[in-house]
Amino acid sequence: MSVTSKSAVRTAEQALAYLTDCNLATVASMAMKKTRLKYEFERQIMIAQSAVSWMVEMHVDFSGTRAEEVVTAFGGSVSAWAQKYQPK
């Protein structure tokens, strides 16, 4: 269901998938920074976690989105997924 632009959104499910993907992009971007506001990073993770969980609970197609990797490779954990982007 990959929705790559907001102009391609036609349904509530696509809207949730698009917004979740955008939020996960923010989490990944923040995770890559050497310095970041810890509270804001954790808040973005919590928002993304809620969105991913809702997609799973509501059976929203997440194929082609970042949520797909979160669910399939990281057991649905946004926090675990974000760790792969953090500097070592």
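Basis for what follows: all heavy atoms, side chains included, without hydrogens, waters or symmetry-related copies.
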*Asks:* Does the side chain of Val70 reach to within under 4.5 Å of the side chain of Leu24, using non-hydrogen atoms?
*Replies:*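 Yes. Closest side-chain heavy atoms under 4.5 Å.
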*Asks:* Taking all non-hydrogen atoms of both residues, which atom of Val27 and which atom of Ala82 are closest, and how far apart?
*Replies:*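 Minimum heavy-atom contact is CG1-CB, 3.7 Å.
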*Asks:* Identify the heavy atoms of Ala31 and Pro87 that sit nearest to each other, and give their distance.
*Replies:*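 For Ala31 versus Pro87, the nearest heavy atoms are O-CD, 3.2 Å.
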*Asks:* Rounded at 0.5 Å granularity, tell me how far CE in Met30 sits from OG1 in Thr35.
*Replies:*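 Going from the CE atom of Met30 to the OG1 atom of Thr35 covers 10.5 Å.
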*Asks:* For the atom pair CG (Leu19) and OG1 (Thr65), what is the distance rounded to the nearest 0.5 Å?
*Replies:*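 Here the interatomic distance stands at 12.0 Å.
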*Asks:* Who pairs with Lys84 by salt bridge (charged side-chain N to carboxylate O under 4.0 Å, His left out), at least two apart in sequence or on another chain?
*Replies:*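 Partners of Lys84 under the salt bridge (charged side-chain N to carboxylate O under 4.0 Å, His left out) test: Glu69.
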*Asks:* Which heavy atom in Ala67 sits nearest to a heavy atom in Phe62, and how many Å separate them?
*Replies:*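 The pair with the smallest heavy-atom distance is CB-CB, 4.0 Å.
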*Asks:* Using a 4.5 Å cut-off on heavy atoms from C-beta on, say whether the side chain of Phe41 contacts that of Lys33.
*Replies:*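 Lys33 does not reach Phe41 side chain to side chain.
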*Asks:* Under 3.5 Å, which donor-acceptor pairs link side chains of residues 43-60 to any protein atom two or more places apart or in another chain?
*Replies:*
from: Arg43; atom 1: NE; to: Glu40; atom 2: OE1; distance (Å): 3.0
from: Arg43; atom 1: NH2; to: Glu40; atom 2: OE2; distance (Å): 3.0
from: Gln44; atom 1: OE1; to: Asn23; atom 2: ND2; distance (Å): 2.6
from: Gln44; atom 1: NE2; to: Glu40; atom 2: OE2; distance (Å): 2.9
from: Gln49; atom 1: OE1; to: Val78; atom 2: N; distance (Å): 2.9
from: Gln49; atom 1: NE2; to: Ser53; atom 2: OG; distance (Å): 3.3
from: Gln49; atom 1: NE2; to: Gly76; atom 2: O; distance (Å): 2.8
from: Ser50; atom 1: OG; to: Met46; atom 2: O; distance (Å): 3.3
from: Ser53; atom 1: OG; to: Gln49; atom 2: O; distance (Å): 2.9

*Asks:* Would you give the length of the straight line joining atom CG of Leu37 to atom CD of Glu42, rounded to the nearest 0.5 angstrom?
*Replies:*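 Answer rounded to 0.5 Å: 11.0 Å.
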*Asks:* Are Arg36 and Gln86 packed together at the side-chain level, in the sense that at least one heavy-atom pair is separated by less than 4.5 angstrom?
*Replies:*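 Heavy-atom side-chain distance check passes, below 4.5 Å.
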*Asks:* Test your reading of the model: is there a side-chain donor-acceptor pair from Ser29 to the backbone of Ala25, 3.5 Å cut-off?
*Replies:*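 No: the side chain of Ser29 does not pair with the backbone of Ala25.
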*Asks:* Side chain to side chain contact (heavy atoms under 4.5 Å, CB included) between Trp81 and Arg66: does it pass, once the steps are laid out?
*Replies:* CA-CA 10 Å; Trp81 174 81; Arg66 289 171 181 85; 4.2 Å; yes
